[in-house]
Trainee: 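Mind having a look at this structure? Questions to follow.
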Amino acid sequence: MTARGRFITLEGLEGVGKTTNREYVESVLTTRGIKVLVTREPGGTDLGEQLRHLLLHASAPVSAEAELMMMAASRKQHTVDVIEPALNAGTWVLCDRYADASFAYQGGGRELGLGVVASLHALLSIDIQPDLTFLLDMPIEDGLKRMAARGKPDRIEKEALGFFERARAAYLQRAKDQPQRMKVIDASLSLDGVQQQVDNVLTAFLEGAHG
Ligand code: Z5A
């Protein structure tokens, strides 16, 4: 029987280096002969990518509740069509953002509350939990500066500082509550320094996974 794949996610605010480090984690896993599927949220399916476009570029107002429901719709389709089948086939899934982002941004940032986010996930039976989550953390202003260098902000990136402060606090609280799964990485260091931390966590995880 094929062993179930592992589910690894990367989380954090804008510009902290999720994409950069996702590529790094993928290369480490691939070098070890592990079959990896790389995906993202919102997105990862045709429906999810269409919702992503709406979420990031809607010109009309989007209520906090509507935003949460669209994130959840994308996630449900993603778990059913992509994540669950891959894990069942023994493929490891590496995902740029997942449910923790809804707790941080909609629960914290938009102040809907963590209970609302948890209830919606339960209602929709979105019950796949990551085996490992890298939470890339750094001061908000520094991340926004990195993003500014990349050009025009999307709808969510235009939010005020308080929104990102609440999202960051919610992320860090979640990591405190779930230290086994969620590993905080100091993303303010040089890329070498960040990758060293990622490497340490990944090596320990791989030893556990194969031990
Ligand atoms: N969202 C939500 O609200 N609720 C949800 O449930 C979900 C998402 C799932 C889309 O996210 C938006 O959706 C996001 C949250 C919301 N909103 N906002 N705002 P996204 O993941 O597509 O977009 P993003 O957060 O803006 O991430 P990004 O653009 O992909 O940035 P990143 O991946 O974290 O960073 P990066 O591209 O790897 O690096 C940014 C730059 O910094 C780049 O030039 C790198 O070369 C550079 N970099 C990276 N690391 C370093 C170090 N260590 N030193 C110096 N420079 C570095």
Side-chain angles (χ1 to χ4, degrees), residues 9-27 38-45 48-49 51-58 62-79 82-83 94-112 114 116-118 120-121 124 126 128 130 133-168 170-171 174 185-199:
T9 58
L10 293 110
E11 297 279 358
L13 298 187
E14 338 325 302
V16 292
K18 293 178 298 297
T19 309
T20 310
N21 287 285
R22 187 196 69 203
E23 286 163 4
Y24 179 67
V25 172
E26 182 187 11
S27 73
V38 176
T39 184
R40 68 173 179 181
E41 289 200 2
T45 63
E49 291 298 327
L51 286 167
R52 179 187 180 89
H53 185 78
L54 262 178
L55 279 157
L56 300 186
H57 305 293
V62 181
S63 70
E65 290 82 357
E67 188 176 87
L68 172 62
M69 301 282 272
M70 286 162 77
M71 294 292 177
S74 167
R75 183 160 305 128
K76 182 67 197 182
Q77 200 68 36
H78 196 202
T79 55
V82 177
I83 300 175
L94 189 52
C95 191
D96 198 331
R97 296 188 185 279
Y98 181 67
D100 293 310
S102 288
F103 284 90
Y105 285 86
Q106 282 67 51
R110 300 278 186 225
E111 300 182 278
L112 286 177
L114 306 184
V116 169
V117 180
L120 182 63
H121 281 78
L124 301 178
I126 300 175
I128 304 176
T133 297
F134 293 97
L135 174 56
L136 296 155
D137 181 66
M138 66 189 278
I140 296 158
E141 292 85 346
D142 297 350
L144 292 176
K145 259 185 231 152
R146 281 188 195 166
M147 293 314 288
R150 284 192 2 179
K152 214 168 153 226
D154 63 39
R155 185 183 64 83
I156 300 177
E157 285 166 1
K158 286 181 192 150
E159 283 299 327
L161 208 57
F163 169 80
F164 294 108
E165 278 163 359
R166 290 191 296 277
R168 185 185 185 200
Y171 262 141
R174 234 169 134 66
I185 303 292
D186 180 353
S188 68
L189 304 183
S190 68
L191 197 51
D192 275 358
V194 173
Q195 286 181 345
Q196 188 57 58
Q197 298 171 73
V198 168
D199 222 24

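Every number for a ligand or one of its atoms is a count from 1 in the order of the listing.
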Trainee: Under a 4.0 Å threshold between the charged nitrogen and the carboxylate oxygen, would Lys145 count as salt-bridged to Glu14?
Mentor: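 No, Glu14 and Lys145 are not salt-bridged.
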Trainee: So is Arg22 touching ligand 1 or not, going by heavy atoms under 4.0 Å?
Mentor: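 So Arg22 does not count as touching ligand 1.
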Trainee: Below 4.0 angstrom, N of the basic side chain to O of the carboxylate: do Arg166 and Glu159 qualify?
Mentor: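 Looking at Arg166 and Glu159, the cut-off is not met.
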Trainee: Measure from the side-chain N and O atoms of Lys18 to the backbone N and O of Leu13, and report whether any donor-acceptor pair falls under 3.5 Å.
Mentor: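 Yes; judged by distance alone, with no hydrogens or angles, the pair exists.
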Trainee: If you measure from atom 7 (C) of ligand 1 to every heavy atom of Ala101, Gly44, Gly15, which option wins on shortest distance?
Mentor: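 That would be Ala101.
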Trainee: Starting from atom 19 (N) of ligand 1, what is the nearest protein heavy atom, named by residue and atom, and what distance separates them?
Mentor: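 Of every protein heavy atom, Glu14 OE1, 2.7 Å lies nearest to atom 19 (N) of ligand 1.
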Trainee: What is the distance from atom CG of Leu114 to atom CZ of Arg174, rounded to the nearest 0.5 Å?
Mentor: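 So the CG of Leu114 and the CZ of Arg174 are separated by 7.5 Å.
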Trainee: Only heavy atoms count here, so choose which of Arg40, Arg52, Arg97 is nearest to atom 15 (C) of ligand 1.
Mentor: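 Closest candidate by heavy-atom distance is Arg97.
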Trainee: List every atom of ligand 1 that sits less than 4.0 Å from any heavy atom of Gln106, numbering the atoms from 1 in the order shown and giving each element.
Mentor: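 So the answer, numbered in order with elements, is 2 (C), 3 (O), 4 (N), 5 (C), 6 (O).
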Trainee: Measure the distance from atom 29 (O) of ligand 1 to every protein heavy atom, then report the residue, atom name and distance (to 0.1 Å) of the closest one.
Mentor: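 Residue, atom and distance for the closest contact: Arg150 NH2, 2.8 Å.
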Trainee: Tell me whether Met69 at atom CE has more than 12 heavy atoms from other residues, nucleotides or ligands lying less than 6.0 Å away.
Mentor: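 Open: at most 12 neighbouring heavy atoms sit under 6.0 Å from CE of Met69.
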Trainee: Of all heavy-atom pairs between Arg110 and Ala64, which one has the smallest distance, and what is that distance?
Mentor: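 The answer is CB-CB, 3.8 Å.
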Trainee: For atom 30 (O) of ligand 1, what is the closest protein heavy atom, and at what distance to 0.1 Å?
Mentor: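 Protein heavy atom with the smallest distance to atom 30 (O) of ligand 1: Thr19 OG1, 3.1 Å.
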Trainee: Of the choices Lys158, Arg146, Arg110, which has the non-hydrogen atom that lies closest to atom 41 (C) of ligand 1?
Mentor: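 Residue with the shortest heavy-atom distance to the ligand atom: Arg146.
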Trainee: Tell me, which protein residue and heavy-atom name are nearest atom 12 (C) of ligand 1, and how many Å apart are they?
Mentor: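 Result: Leu56 CD2, 3.7 Å.
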Trainee: Are Asp96 and Arg22 ion-paired here, with the side-chain N under 4.0 Å from a carboxylate O?
Mentor: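 Salt bridge present between Asp96 and Arg22.
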Trainee: May I ask whether Met147 has any heavy atom positioned less than 4.0 angstrom from an atom of ligand 1?
Mentor: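 Met147 counts as a contact of ligand 1 under the 4.0 Å cut-off.
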Trainee: Checking contacts here: is it the side chain or the backbone of Glu67 that comes within 4.0 Å of ligand 1, counting heavy atoms only? Could be both or neither.
Mentor: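 Neither part.
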Trainee: Not counting sequence neighbours, which residues clear salt bridge (charged side-chain N to carboxylate O under 4.0 Å, His left out) with Glu41? List them please.
Mentor: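 Counting only residues at least two positions away or on another chain, Glu41 forms a salt bridge (charged side-chain N to carboxylate O under 4.0 Å, His left out) with Arg75.
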Trainee: Can you name the atoms of ligand 1, numbered from 1 with element, that are less than 4.0 Å from a heavy atom of Glu41?
Mentor: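 Heavy-atom distances to Glu41 below 4.0 Å select 9 (C).
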Trainee: Check the side chains of Ser188 and Asp186 for a donor-acceptor pair under 3.5 angstrom, ignoring hydrogens and angles.
Mentor: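 Short answer, yes.
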Trainee: How many angstroms lie between atom CG of Asp100 and atom CG of Leu10, to the nearest 0.5 angstrom?
Mentor: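 One finds 11.0 Å between CG of Asp100 and CG of Leu10.
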Trainee: So that I can tick it off, tell me whether Arg155 and Glu67 are bridged by a salt bridge, with the cut-off set at under 4.0 angstrom between side-chain N and carboxylate O.
Mentor: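 So Glu67 pairs with Arg155 through a salt bridge.
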Trainee: Could you label the plane-to-plane angle of the Phe163 and Tyr105 rings as parallel, tilted or perpendicular, counting under 30° as parallel and over 60° as perpendicular?
Mentor: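 Phe163 vs Tyr105 ring planes: tilted.
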Trainee: Start with the C-alpha gap between Gln195 and Asn21, add the side-chain angles, then the distance that decides, and say whether side-chain contact (heavy atoms from CB on, under 4.5 Å) holds.
Mentor: CA-CA 7 Å; Gln195 286 181 345; Asn21 287 285; 3.7 Å; yes
Trainee: Check each of Ala104, Gly17, Gly193, Gly107 against atom 35 (O) of ligand 1 and report the one with the nearest heavy atom.
Mentor: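 It is Gly17 that holds the nearest heavy atom.
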Trainee: If you define the side chain from C-beta out and look only at heavy atoms, does anything of Tyr171 sit under 4.5 Å from Asp137?
Mentor: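 When only atoms from C-beta onward are counted, Asp137 and Tyr171 do not touch, as no gap falls below 4.5 Å.
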Trainee: Does Leu189 come within less than 4.0 angstrom of ligand 1, counting non-hydrogen atoms of the residue?
Mentor: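 So Leu189 counts as touching ligand 1.
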Trainee: Any N/O of Thr20 closer than 3.5 Å to an N/O of ligand 1?
Mentor: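 Such a contact does occur with ligand 1.
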Trainee: Just to be sure I read this right, does ligand 1 sit under 4.0 Å from the backbone of Val194, its side chain, both, or neither, counting only heavy atoms?
Mentor: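 Near ligand 1, Val194 shows its side chain, while the N, CA, C and O stay back.
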Trainee: Considering the heavy atoms of Ser102, write down every atom of ligand 1 situated less than 4.0 Å from one of them.
Mentor: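 Those atoms are 5 (C), 6 (O).
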Trainee: Write out the residue and atom name of the closest protein heavy atom to atom 5 (C) of ligand 1, then the distance separating them to 0.1 Å.
Mentor: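 So the nearest neighbour among protein heavy atoms is Met71 SD, 3.3 Å.
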Trainee: Within less than 4.0 angstrom of ligand 1, does Pro42 place any heavy atom?
Mentor: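 Checking ligand 1 against Pro42, which is what was asked, there is a heavy-atom contact under 4.0 Å.
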Trainee: Could you tell me, atom by atom, which parts of ligand 1 come under 4.0 Å of a heavy atom of Ser190?
Mentor: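 Taking each heavy atom of Ser190 in turn, ligand 1 has 53 (N) under 4.0 Å.
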Trainee: Identify the closest protein heavy atom to atom 27 (O) of ligand 1: which residue and atom is it, and at what distance?
Mentor: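 Checked against all protein heavy atoms, atom 27 (O) of ligand 1 sits closest to Lys18 NZ, 3.4 Å.
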Trainee: With a 4.0 Å cut-off, strictly under, does atom 2 (C) of ligand 1 pick up any protein heavy atom?
Mentor: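 Answer yes: something from the protein, a heavy atom, is under 4.0 Å.
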Trainee: If you measure from each non-hydrogen atom of Glu157 to ligand 1, which part falls under 4.0 Å: side chain, backbone, both or neither?
Mentor: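 It is both backbone and side chain that touch ligand 1.
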